[in-house]
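See below for the structure under consideration.
As the structure lists them, so they are numbered: ligands from 1, and atoms in each ligand from 1. Remember, predicted model here, so these are calculated numbers, not experimental data. What's counted below: heavy atoms across the whole structure, side chains too, no hydrogens, waters or symmetry copies.
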Amino acid sequence: MELSKGFISVFMSAISNCMLYSKNHAFIDELIEKAFSKLGVFLKEKDHFEMMIIENDLIINKNPAIGIGLQGKNLMKRLKRKGISHIEFSKGITLQELKKLVADISNMGKELKSTPHIKIGIVDLHFGFTIDGDSSTEKSLSCFTSEQLKKIEEEVNSISPFKEFHVAGFEEIVFQFVLMLKKKIDILKLLRPVRAYNGLDYNHATNVAVLTLFQAQALGIKEEFHRDIGLAALLHDVGKLFVQKGMHKKESSLGLKESEAMKLHPFYGAQYLAKINDLTYLAPIVAFQHHLRYDGRGYPQLKTINMKQHICSQMTAISDSFDNLRITTPYRRALDVKDALVTMKTKDEGLFNPFLIDNFIRSIHLALSG
Ligand SMILES: [Fe+2]
Ligand SMILES: [Fe+2]
């Protein structure tokens, strides 16, 4: 982290000076060269150097940068003002590319564009976000800013069997959830209304991720695992994209054939996620196992292996069930939080890990009373 902080400090120093002097000033060249050499040392070991801004935190290479000093804070301010949420430097970067970036950041009127070795992530800071045209309800139900909601919707909706999957965007979402939960924000305020009970609804995906991270936090699972747990939970239903077109959006009850086809989504999801580089190994496991039961029943079943559900799949199954009970389906009305918890507790034995379901119910009650 010291090397990263050193880079941030010189990098911002170059930007500040570039705002005061001409971009061709020798002093600025010197600073950029210094920053370039620090970046080079880092990129000898790793393929990427990544900076992300989430809320008021600067995340460097997936770790919150603590004690970044005035230069770090100024850099965050500067990037935020330009609507930049993410910069990734990769191996092979040239001094010219870094010089151009410094000059463009220091020029307020200049729009930033990615170059071959510098990837820029931009958020539209001036764009209000609505879902189904009702912004007031959405805002009151959520602790997320409109920019965060927009980003989440875009990322989840961007998943497609025909497009390349970008892990970084999803990691950013999970970081946001982790930070929100750390702030002890009411868990129920982080949950969002789900529209389609069969669908790959991004609200359902994010609810399941938030609820699973909430469980992980309540269980005291080490923070270093939260990223992987959150990602796996977020992507648990991705296989629904591969189920026959149109069916996953159906509001009425599914026919027998359709139900059987829908039951293949864990299999499709696992197959898809297993092929993605840089994604946690937990993602295909959770996608495959989230409809398994604690007692080993459920689906899908493998003829040759008697599968034991992974603890992350067990937590995801609990979050999934809770979120599903809060949606109206053709078979029953939506349940409120307390009824949903009672239903889960009294459901047949063997469905959930008894320790985990008790932890979940206790933690939700605690959140409700706090
Ligand atoms: Fe599912
Ligand atoms: Fe689900």
Separation of Leu219 CG from Ile229 CD1 (nearest 0.5 Å):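 Answer rounded to 0.5 Å: 9.0 Å.
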
Geometric class of the Phe89/Phe11 ring pair [parallel <30°, tilted 30-60°, perpendicular >60°]: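 The rings of Phe11 and Phe89 stand perpendicular, inter-plane angle above 60°.
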
Aromatic ring proximity Phe49/Phe7, centre distance under 6.0 Å: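 So the answer is yes for these two rings.
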
Taking every non-hydrogen atom, the tightest pair across Phe355 and Asn353: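 For Phe355 versus Asn353, the nearest heavy atoms are N-OD1, 2.9 Å.
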
The Fe ion (ligand 2) neighbourhood, protein N/O/S only, threshold under 2.8 Å: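 Less than 2.8 Å away from the Fe ion (ligand 2) sit His204 NE2, His236 NE2, Asp237 OD2, Asp320 OD1.
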
Member of His265, His291, His204 meeting the side chain to side chain donor-acceptor pair (under 3.5 Å) criterion with His236: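 It is His204; the other options fail the test.
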
For Lys44, all residues meeting side chain to side chain contact (heavy atoms under 4.5 Å, CB included), sequence neighbours excluded: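 Checked Lys44 against side chain to side chain contact (heavy atoms under 4.5 Å, CB included); zero matches.
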
